[in-house]
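The model shown is predicted, which means the values in this text are computed figures rather than measured ones. Just so you know, residue 1 is the first one in the sequence shown, and it goes up from there.
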Amino acid sequence: MALAFAVVGGWGATPTPASAQARTDVDEVVVTSSRLAGGSVSAPSPVTSNSADALRRAAPRNLADALVQLPAFSGSIRSENPITAATFGANGQNLLNLRGLGPTRTLVLLDGRRVPASNALGAVDINILPQGLVRHVDVVTGGASAAYGSDAVAGVVNILLDTQFRGVRGELRGGISGRGDVESGGGWVAVGRRAFGDRVRLVASAELARQAGIDADESTGRRWFDHPAGQLPNPVAGARPPILVIPEIRNALGTYGGVIPSGPLRGTQFLPGGVSAAFNPGVLTGATFASGGDGAQINIAFTPRQEREAAFVRGEFDASDHLTVFADALFAHRRVGSGLFINPHTGAANQFTIFRDNAFLPGDVLARMVAANVTSIPLGRYERDFPLVEIV
């Protein structure tokens with residue numbers, strides 16, 4: 001509500017008695033607007049309502065990209081982020097995570113009804129929902145959301161569609177990064193028709209999206225990616241800071257051609273063609289990692305390759321003034337590929353063992369083995385000449 005007032009008069013003016021002021025009778029007062037927002041005011045729990053227009057202005061490419069800009073969704077999983085652990089089919093998906101409690105504790109509804117899970121985690125990929133028909137998105141984070149079940153402990157995201165839409169609308173988009181890579185493109189189209197005196201209504205949408213990816217072994221011109229830093233626990237017990245940021249982090253136990261990490265021949269590496277050479281371990285920060293040196297770089301993919309198609313159809317029929325019959329159909333298909341990292345064979349459990357009778361041993365290495373009276377040597381190697389490890 002708004003309160004307005006005015007002061008009539010000036011410096012030195014003589015106030016006019018109230019009885020002498022002119023009066024005007026008003027038969028009716030019409031309130032045309034209010035500063036109080038509607039909708040969530042009467043809801044049993046606090047509801048944050050976000051219109052589709054506001055979300056598109058915040059992130060034109062994707063509905064989830066706009067939602068994750070809200071503080072409550074700061075811990076969400078985005079489709080552009082590479083995932084190195086077991087994903088259960090969630091790689092390349094947009095999974096909402098309210099208040100950091102996990103996607104499986106955030107319930108996603110479509111027009112008030114549960115959406116089937118799109119991965120083995122039980123979470124819902126926002127990408128599969130009809131972007132072109134979204135009217136607004138309501139978010140409930142209050143305690144009453146738990147009434148939906150354990151999957152709504154963090155809250156509920158209710159995506160409401162414009163089921164009364166009539167006509168045709170669509171969008172085409174494309175983009176590329178400032179480095180000339182990670183090309184993306186796509187678009188959607190939505191249609192709405194009515195028949196039999198508006199008793200039959202049909203809305204449908206289709207979406208297509210593509211995005212190029214960058215694998216772990218690619219050079220991008222970004223120093224932070226091509227020469228990554230890493231965080232490691234401080235090897236000195238009780239020292240401050242407890243976590244160290246290591247520039248140019250590398251594995252001191254493996255190279256792309258192989259290195260002997262222990263034994264009498266420790267510090268010998270193999271260059272292209274099998275030629276042996278001295279190994280520069282860099283500045284060691286522990287038993288495994290080093291800053292700089294000849295060790296293999298430790299990196300993961302920049303972003304996965306993605307292809308996605310989705311379609312949605314909804315039909316409604318007013319059987320009577322009090323009965324409406326409807327049916328929804330949703331189809332989505334995606335393909336995600338990501339060269340996450342180079343497969344390492346390092347450490348006591350994974351390194352190779354090369355025996356002295358190996359026909360490919362360089363002569364100088366064989367002579368040193370004979371002189372040291374060793375029958376085998378360990379070898380730590382990053383398999384850059386094999387396909388990258390991918391997780392779907």
Side-chain angles (χ1 to χ4, degrees), residues 79-92 177 179 181-182 211-233 244-262 266-306 335-354 358 360 362 377-392:
S79 58
E80 290 81 6
N81 298 340
I83 304 176
T84 57
T87 65
F88 301 96
N91 198 20
S177 76
R179 300 281 182 173
D181 51 16
V182 197
Q211 178 178 294
I214 296 178
D215 292 339
D217 60 347
E218 295 186 42
S219 178
T220 68
R222 302 170 176 88
R223 179 171 177 77
W224 63 267
F225 179 80
D226 298 339
H227 304 278
Q231 291 183 336
L232 296 176
L244 300 178
V245 177
I246 308 302
E248 193 77 24
I249 189 168
R250 293 175 179 265
N251 193 322
L253 301 180
T255 66
Y256 300 120
V259 64
I260 303 174
S262 60
R266 178 182 179 182
T268 301
Q269 67 170 321
F270 295 91
L271 303 179
V275 179
S276 65
F279 173 69
N280 175 17
V283 180
L284 293 174
T285 59
T288 303
F289 303 103
S291 177
D294 296 336
Q297 286 186 337
I298 302 172
N299 208 353
I300 62 173
F302 185 90
T303 187
R305 303 176 298 276
Q306 301 181 57
R335 292 173 295 278
V336 180
S338 180
L340 287 174
F341 56 87
I342 299 173
N343 192 23
H345 284 89
T346 59
N350 298 312
Q351 65 189 6
F352 295 106
T353 300
I354 308 299
N358 192 300
F360 297 97
I377 54 174
L379 186 74
R381 190 174 191 271
Y382 271 63
E383 308 299 336
R384 188 167 58 178
D385 40 3
F386 285 92
L388 299 175
V389 176
E390 294 199 9
I391 297 179
V392 296

Task: Check: Val259 and Tyr382 side chains under 4.5 Å, non-hydrogen atoms - done: no
TODO: Return the minimal non-hydrogen interatomic distance between Ala287 and Leu253, and the atom names on each side.
DONE: O-CD2, 3.7 Å
Task: Non-hydrogen atoms of Ile249 and Ala229 that approach each other most closely - done: CG2-C, 3.8 Å
TODO: Would you give the length of the straight line joining atom CZ of Arg250 to atom OG1 of Thr288, rounded to the nearest 0.5 angstrom?
DONE: 16.0 Å
Open item on the list: Check this for me, if you would: do Asp215 and Arg305 make a salt bridge, where the nitrogen-to-carboxylate-oxygen distance has to be below 4.0 angstrom?
Closed with: yes
Open item on the list: Quick check: closest heavy atoms across Val389 and Asn343, and the distance to 0.1 Å?
Closed with: CG2-CB, 3.8 Å
TODO: Check for a donor-acceptor pair, side chain of Ser291 on one end and backbone N or O of Pro247 on the other, with a separation under 3.5 Å.
DONE: yes
- [ ] Return yes if some donor-acceptor pair links the side-chain N/O of Arg179 with the main-chain N/O of Gly221 below 3.5 Å, else return no.
- [x] yes
TODO: Please confirm whether the backbone N or O of Asn280 pairs with a side-chain atom of Asp294, one donor and one acceptor, at under 3.5 Å?
DONE: yes
- [ ] Determine, step by step, whether Phe386 and Ile342 satisfy the side chain to side chain contact (heavy atoms under 4.5 Å, CB included) criterion, reporting the C-alpha distance in whole Å, the side-chain angles of both residues, the deciding distance to 0.1 Å, and the verdict.
- [x] CA-CA 8 Å; Phe386 285 92; Ile342 299 173; over 6 Å; no
Task: Gln297 vs Tyr256 side-chain heavy atoms within contact, under 4.5 Å - done: yes
Task: Test item: Pro378 and Thr353 side chains (from C-beta on) under 4.5 Å apart, heavy atoms - done: no
Open item on the list: Testing the basics here: between Gly295 and Phe279, what is the closest heavy-atom pair and its distance to 0.1 Å?
Closed with: N-CE1, 3.7 Å
Open item on the list: Using 0.5 Å steps for rounding, measure from the CG atom of Leu340 to the CZ atom of Phe302.
Closed with: 14.0 Å
Task: Enclosure of Arg266 CZ (heavy-atom neighbours >12, cutoff 6.0 Å) - done: no
Task: Side-chain (Asn299) to main-chain (Asp226) donor-acceptor, under 3.5 angstrom - done: no
- [ ] Indicate yes or no for a side-chain donor-acceptor contact from Gln351 to the backbone of Leu379 under 3.5 Å, with no hydrogens or angles considered.
- [x] no
Task: Gap separating the OG1 atom of Thr220 from the CG atom of Asp181, nearest 0.5 angstrom - done: 6.5 Å
Open item on the list: On a heavy-atom basis, which atom in Thr346 and which in Arg381 lie closest, and how many Å separate them?
Closed with: CG2-N, 4.1 Å
Open item on the list: Rounded to the nearest 0.5 Å, what separates atom CG in Asn358 from atom CZ in Phe352?
Closed with: 12.0 Å
Task: Residue pair Thr285 / Ala290: nearest heavy atoms and the distance that separates them - done: OG1-N, 3.9 Å
